[in-house]
Asks: 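Quick one: the structure is below, questions incoming.
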Amino acid sequence: MHRISIKTRSDVDFQDITPQVQELVASSGVESGVCYILVPHTTAAVTVNEHADPSVVEDIIAHLEVMVPRHKNYRHGEGNSPAHIKASLMGNSEVILIDGGRLFLGTWQGIFFCEFDGPRNRNLLVKIIADKP
Ligand code: ZN
């Protein structure tokens, strides 16, 4: 298992982590297999979406804000229920196939670490598994 340290920059922050994960896959030497990406946090997430046009991520962030307003009658005493809810909506894992020694992503796809209660120091776990020979 590999661990990537991520320092998030603000309350809500999406960071394109595709190059770091691609680098782990390359250095693993795995030509064909599976890459699991897990976020071991309850107020952060991981998602795969367009990383060519940054306005896509801006729209996702803006609409999550509409779907999960900051100030509602939340019960959780810590006061960060919106961050917990957004993290569950986005999910804490992704599975990406490895083909030809690289992550098999669509032309416009990138992997984003999603912070919802930052800034913080976060971890991302990556497991790379080769096909059976
Ligand atoms: Zn909480």
Side-chain angles (χ1 to χ4, degrees):
M1 182 180 81
H2 306 274
R3 186 184 300 261
I4 296 175
S5 296
I6 297 171
K7 198 173 183 65
T8 59
R9 300 160 293 205
S10 55
D11 179 23
V12 177
D13 182 19
F14 279 39
Q15 292 190 18
D16 187 345
I17 52 163
T18 315
Q20 292 99 305
V21 181
Q22 195 74 262
E23 176 58 36
L24 286 177
V25 170
S27 60
S28 75
V30 171
E31 281 295 311
S32 180
V34 178
C35 178
Y36 292 95
I37 302 168
L38 289 112
V39 172
H41 304 292
T42 59
T43 55
V46 62
T47 193
V48 172
N49 214 302
E50 174 162 345
H51 69 159
D53 178 0
S55 62
V56 172
V57 158
E58 291 167 15
D59 284 344
I60 291 172
I61 290 170
H63 276 266
L64 284 171
E65 191 72 31
V66 172
M67 289 163 63
V68 189
R70 271 168 203 264
H71 304 291
K72 281 276 180 182
N73 295 328
Y74 299 113
R75 297 172 58 92
H76 178 46
E78 205 185 5
N80 61 351
S81 275
H84 287 291
I85 294 167
K86 289 173 183 174
S88 275
L89 286 172
M90 300 308 278
N92 86 317
S93 66
E94 290 288 350
V95 178
I96 301 172
L97 300 183
I98 299 166
D99 188 57
R102 295 184 57 79
L103 294 168
F104 192 93
L105 289 164
T107 306
W108 309 110
Q109 286 184 319
I111 309 160
F112 291 92
F113 182 88
C114 315
E115 174 66 80
F116 295 113
D117 197 17
R120 293 192 195 208
N121 293 314
R122 298 292 203 172
N123 290 301
L124 184 82
L125 308 177
V126 180
K127 183 109 180 166
I128 296 164
I129 299 173
D131 292 346
K132 280 188 177 171

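Remember, it's 1-based here, ligands and their atoms both numbered in the order they're listed.
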Asks: Looking only at N, O or S atoms in H84, which is nearest to the Zn ion (ligand 1)?
Replies: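 The H84 atom nearest to the Zn ion (ligand 1), restricting to N, O or S, is NE2.
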Asks: If only atom types and distance count, is the side chain of S27 paired as donor or acceptor with the main-chain N or O of L24 below 3.5 Å?
Replies: yes
Asks: Parallel, tilted or perpendicular: which describes the rings of F14 and F112, with under 30° parallel and over 60° perpendicular?
Replies: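 Tilted: the ring planes of F14 and F112 meet at 30° to 60°.
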Asks: Indicate whether any N or O donor in one side chain lies under 3.5 Å from an N or O acceptor in the other, for N80 and H84.
Replies: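 There is such a pair (donor and acceptor under 3.5 Å, judged by atom type) between the side chains of N80 and H84.
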Asks: Does any non-hydrogen side-chain atom of S32 lie less than 4.5 Å from one of F104?
Replies: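 Side-chain contact under 4.5 Å: no.
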Asks: Looking at the Zn ion (ligand 1), is one of the N, O or S atoms of T42 less than 2.8 Å from it?
Replies: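 Under 2.8 Å: T42 has no N, O or S contact with the Zn ion (ligand 1).
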Asks: Where the Zn ion (ligand 1) is the corner point, what angle links OE1 of E78 with NE2 of H76, to 10°?
Replies: 100°
